[in-house]
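Worksheet for the structure shown next.
Remember, it's 1-based here, ligands and their atoms both numbered in the order they're listed.
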Amino acid sequence: MASAVFHPAIGTLLSHHLHNSEFHREFGNVSVKSISKGLKFDVGLSTSRMEGYSSNKRNFSAVQASASQTSLVDPVSTPSNDSTNEFQKKSSEAALILVRHGESLWNEKNLFTGCVDVPLTKKGVEEAIEAGKRISNIPVDMIFTSSLIRAQMTAMLAMTQHRRRKVPIIMHNESEQARAWSQIFSEDTMRQSIPVITAWQLNERMYGELQGLNKQETADRFGKEKVHEWRRSYDIPPPNGESLEMCAKRAVAYFKDQIEPQLCSGKHVMIAAHGNSLRSIIMYLDKLTSQEVISLELSTGIPMLYIFKEGRFTRRGSPAGPTEAGVYAYTRRLAQYRQKLDEMLH
Ligand SMILES: O=C(O)[C@@H](CO)OP(=O)(O)O
C-alpha cells in the first residue's frame, strides 16, 4: 500500500503544492563549539513559540551531538570550513523526510492509541528497517521525533540502514545534569553523529476517551459515520480529545518554528511521527483544505520525501516499491549526492 493514499480528487494537487514559507526569518546556526568541558552542539532551536509548553522543549542549544550539514554534492565532507557553509547557503535545497512509525502493538490490536506510549510490533520493527532502506541514500543531518517510543524506535531502526553510517543520538535536555552528563569530547565523533530532537508537539493527536478502545467495537457502538468523523474530520474532536485542527495547532506550529528554520539553513531533516500529527503537517506542506485532508491516510513505516527550496516545499514522491530507485523523483542535487556517495563508499 502506498504511504499516502489520497482521494483521486486530491491526487493531482500533490505534485504542485508549493507554498511560501516564512523564509526570511533570522535563524540560529548549527555550530560545533569547543568548550572547556566538552564539545557542545548548538542545534539552534528557537524558543519563541515554546512559552507555556510543559515539558522537554527549552534550550536545545547546549546539547551534545553533531548536526554537521551534509552537502548534497559532497556527502562525506565535514561542514566546519567556511566554503562548505557558503556552498550550503547557495545550494539552499534541503531534503525533508516524513515517516509514520511502524506498526505498534495497538495498531495490531486495532485499538485507539493517541498519546498512549506503546512500542512497535515485530512487523513494525521490520517496517522501520524497510523504511530505512528506502531512504538510505538521502542525506539526513537532523532527526525530529515525537516523545513516543514508537516514533523513536522507527527513527533509530531506520537509521541503522543509512549508508552514511552516522550515529543518531538522542538529545537530553530535561535538566542541566542530563545535558552535562551526555557531552561528547571528540569533534570527529560529533561529526559522525546526528542529533535526534524529541518533541511532544509531534505526538499523535490525543484521542480522549477513545484511547484503549477497540476501533471496530467503537464503530459498532457509536456508528461508522460518527467514528469516521472522529477519526478523519478536521475540526470535530473525539470525546475529550483533540481534533486534527487542535493537533495541527501544536504540530504545525512546532514545524514552522523549529523545523523549517533548519531546512532554511540547508539541513536535511527526517521527522518520525504519527498518522495524525503528520496529516496535519502534510496538510500544511501540500496546502490541503479541511475537506481534502479527510481522505489523507498514511501507512505505517513508509517514508515520504519533500524538497525544500527557495521557501517552497515540493513533494518528490513516496516509495511504493521495495527500494527507493524509481520511486523518489530525485532532484539533480540529490542525484549528484547519490552518485558521490556511491563513489566514496564503494
Ligand atoms: O489510534 C491512533 O492513535 C490513530 C493512529 O493509529 O488511529 P487513527 O487511524 O484512527 O487516527
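Taking the six-membered ring for Trp and the full ring otherwise, F313 and F255 have centroids separated by under 6.0 Å. Between W230 and F222, the ring centre distance stays below 6.0 Å.
Distance check, rounded to the nearest 0.5 Å: CD of E204 to CG of N276 gives 4.0 Å. Rounding to the nearest 0.5 Å gives a distance of 9.5 Å between NE2 of H274 and CZ of R100. Note that the CD1 atom of I281 and the CG atom of D286 stand 12.0 Å from one another [nearest 0.5 Å]. Atom OG in S280 sits 10.0 Å away from atom CZ in R205 (nearest 0.5 Å).
Within the structure, the closest approach of H228 to ligand 1 does not fall below 4.0 Å when heavy atoms are considered. Note on ligand 1: K215 sits in its first shell, one or more heavy atoms being nearer than 4.0 Å. The shortest heavy-atom distance from V116 to ligand 1 is not under 4.0 Å.
Using a 4.0 Å cut-off between heavy atoms, R100 contacts ligand 1 through its side chain alone, with no backbone atom that close. When non-hydrogen atoms are compared, ligand 1 lies under 4.0 Å from the side chain of Y207 (C-beta onward) but not from its backbone. No part of H274 comes within 4.0 Å of ligand 1, judged by heavy-atom distances.
Residue, atom and distance of the protein heavy atom nearest to atom 10 (O) of ligand 1 are R231 NE, 2.5 Å. Of the protein's non-hydrogen atoms, the one nearest atom 5 (C) of ligand 1 is E204 OE2, 3.3 Å. Taking atom 3 (O) of ligand 1 as the reference point, the nearest protein heavy-atom neighbour is G114 N, 2.7 Å. The nearest protein atom to atom 1 (O) of ligand 1, hydrogens excluded, is given as T113 N, 2.8 Å; this is a heavy-atom distance.
A distance-only check finds a donor-acceptor pair linking the side chain of H268 to the backbone of A95 [under 3.5 Å]. Under a 3.5 Å cut-off, the side chain of T154 and the backbone N or O of G102 do form a donor-acceptor pair. A distance-only check finds no donor-acceptor pair linking the side chain of R163 to the backbone of I138 [under 3.5 Å].
On a distance-only criterion, R232 and ligand 1 share at least one N/O pair closer than 3.5 Å. Between F112 and ligand 1, not a single N/O pair is under 3.5 Å apart.
Short contacts between ligand 1 and L111, defined as distances under 4.0 Å to a heavy atom of the residue, involve ligand atoms 1 (O). Residue-ligand proximity, N107 to ligand 1, at heavy-atom distances under 4.0 Å covers atoms 6 (O).
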